[in-house]
Asker: 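Got a structure for you, written out below as structure tokens; questions coming shortly.
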Amino acid sequence: SLGLIALDKASDLLLFYLSLELASFCFYILSTYKSDSSYATEAGLKYFLLGALGSGFLLFSIVLFYAIGATTNYQLLESLLLGLELSSGEVQMQRLATIFLATALLFKVASFPFHNWSLDVYEGAPISSVVFLTTVPKIGFIVALVNFLFSVGIPHYETWQFLLLASGTSSIVWGAFAGIKQKRLKRFFAISGVVNIGFIVLGVACGSLQGITSVVFYLISYVLTVVKCWRLLVEERQIT
């Protein structure tokens with residue numbers, strides 16, 4: 001929780017990265033805290049290795065931003081990128097940096113096509129951890145994505161909007177068909193998470209106050225629904 005709070009309050013890319021890693025480290029432990037289960041150990045290892053890949057995208061984007069503006073502060077970067085007359089190469093570098101940072105966060109929230117890791121991780125993790133991982137991290141990472149895109153990412157609004165629209169739409173379409181014949185509960189939760197994150201990403205892609213308002217409403221509804229499903233599962237186990 002501390003890592004996610006710091007992540008959402010971050011106004012510097014280095015603090016952004018450190019907060020994200022602090023939060024991710026806790027998620028790795030949650031996915032593998034049942035040390036006597038080989039499935040949980042496998043889930044934690046996969047989560048750690050693939051999470052490191054997403055962190056690599058984020059670090060690369062930070063390096064590119066620093067190469068352009070010699071700073072990692074959000075406000076300074078925004079003023080520099082909007083006020084300076086950049087060369088065509090620097091503009092392309094800035095666009096690439098924005099894409100890589102957005103990609104890193106889409107990877108963290110398991111949006112298409114960066115979703116495959118969630119199926120294996122959630123299947124091996126304990127059910128209580130799955131419920132937590134499908135809700136709390138997504139809230140924190142989506143808020144961080146909004147904070148970044150609506151500040152530093154403003155100059156390349158059309159670029160990341162197309163990326164989010166493509167990812168969100170693909171998540172909904174893929175999840176709708178992938179969940180039809182799914183018989184494993186945890187993988188079904190993972191697929192459901194991909195579908196729901198698709199709707200959330202589409203709300204962010206709108207780039208407007210109405211879109212963000214809809215994202216907040218959808219996140220609240222999604223969390224309450226997942227918690228209710230988990231409660232019903234616990235009660236069913238107690239009955240049977």
Side-chain angles (χ1 to χ4, degrees), residues 1-10 15-34 40 43-48 50-55 58 101-112 114-149 164 167-168 171 175 185-204 212-234:
S1 298
L2 177 62
L4 290 176
I5 293 173
L7 177 65
D8 297 336
K9 296 293 183 180
L15 178 60
F16 181 94
Y17 172 75
L18 293 175
S19 303
L20 184 142
E21 289 303 304
L22 175 62
S24 298
F25 182 73
C26 300
F27 302 149
Y28 303 150
I29 296 175
L30 280 175
S31 62
T32 186
Y33 79 87
K34 281 192 174 181
L45 182 60
K46 288 181 178 179
Y47 198 2
F48 173 75
L50 295 173
L53 178 62
S55 299
L58 179 58
L101 194 143
T103 299
L105 288 177
L106 289 176
F107 188 95
K108 293 293 185 178
V109 298
S111 182
F112 189 95
F114 316 104
H115 64 285
N116 283 328
W117 64 268
S118 65
L119 303 181
D120 295 331
V121 170
Y122 292 173
E123 184 176 10
I127 185 63
S128 57
S129 297
V130 172
V131 173
F132 185 87
L133 293 173
T134 53
T135 54
V136 177
K138 296 184 187 301
I139 297 174
F141 294 147
I142 286 296
V143 172
L145 179 64
V146 171
N147 288 339
F148 171 80
L149 291 180
L164 296 186
S167 179
S171 296
L185 182 61
K186 293 180 182 179
R187 292 183 76 90
F188 183 80
F189 263 109
I191 295 173
S192 173
V194 174
V195 175
N196 284 280
I197 204 63
F199 287 105
I200 295 170
V201 168
L202 288 180
V204 177
I212 301 304
T213 303
S214 65
V215 167
V216 174
F217 177 77
Y218 195 97
L219 277 172
I220 295 174
S221 303
Y222 172 63
V223 171
L224 292 177
T225 302
V226 172
V227 172
K228 181 62 177 179
C229 290
W230 175 73
R231 183 179 178 181
L232 290 175
L233 288 174
V234 172

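Keep in mind it's a predicted model, so treat the numbers as computed, not measured.
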Asker: Within a radius of less than 6.0 Å around OH of Y218, do more than 12 heavy atoms belonging to other residues, nucleotides or ligands occur?
Answerer: yes
Asker: Closest heavy-atom contact between S214 and G203?
Answerer: OG-CA, 4.3 Å
Asker: Run the side chain to side chain contact (heavy atoms under 4.5 Å, CB included) check on F107 and L58 step by step: do they pass?
Answerer: CA-CA 10 Å; F107 188 95; L58 179 58; over 6 Å; no
Asker: Distance from H115 atom NE2 to I197 atom CD1, nearest 0.5 Å?
Answerer: 13.5 Å
Asker: Between CG of L101 and CZ of F16, what distance do you get to the nearest 0.5 Å?
Answerer: 5.0 Å
Asker: For a quick test of reading the model, state the closest non-hydrogen atom pair linking F141 to S24 and the distance between them.
Answerer: CZ-OG, 4.3 Å
Asker: Would you name the heavy atoms of L219 and I142 that are closest together and state the gap between them?
Answerer: CD1-CG2, 4.4 Å
Asker: Does F188 offer a backbone N or O that forms a donor-acceptor pair with the side chain of S192 under 3.5 Å?
Answerer: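 Not confirmed, S192 side chain does not pair with F188 backbone.
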Asker: Please examine the side chains of Y222 and V226, heavy atoms only from C-beta on, and report whether any two atoms are closer than 4.5 Å.
Answerer: yes
Asker: Can you name the nearest heavy-atom pair linking I191 to G175, along with the distance?
Answerer: CG2-O, 3.5 Å
Asker: To the nearest 0.5 angstrom, please state how far the CD1 atom of I139 sits from the CD1 atom of I200.
Answerer: 8.0 Å
Asker: Tell me the closest heavy-atom pair linking S111 and S171, and the distance in Å.
Answerer: OG-OG, 3.1 Å
Asker: State, yes or no, whether a side-chain contact exists between L20 and K108 at a heavy-atom distance under 4.5 Å.
Answerer: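 Yes; the side chains approach each other to less than 4.5 Å.
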Asker: Do the side chains of L106 and L164 get nearer than 4.5 Å, heavy atoms only?
Answerer: yes
Asker: Which residue in the set T103, L105, V109 passes side chain to side chain contact (heavy atoms under 4.5 Å, CB included) when paired with F114?
Answerer: T103
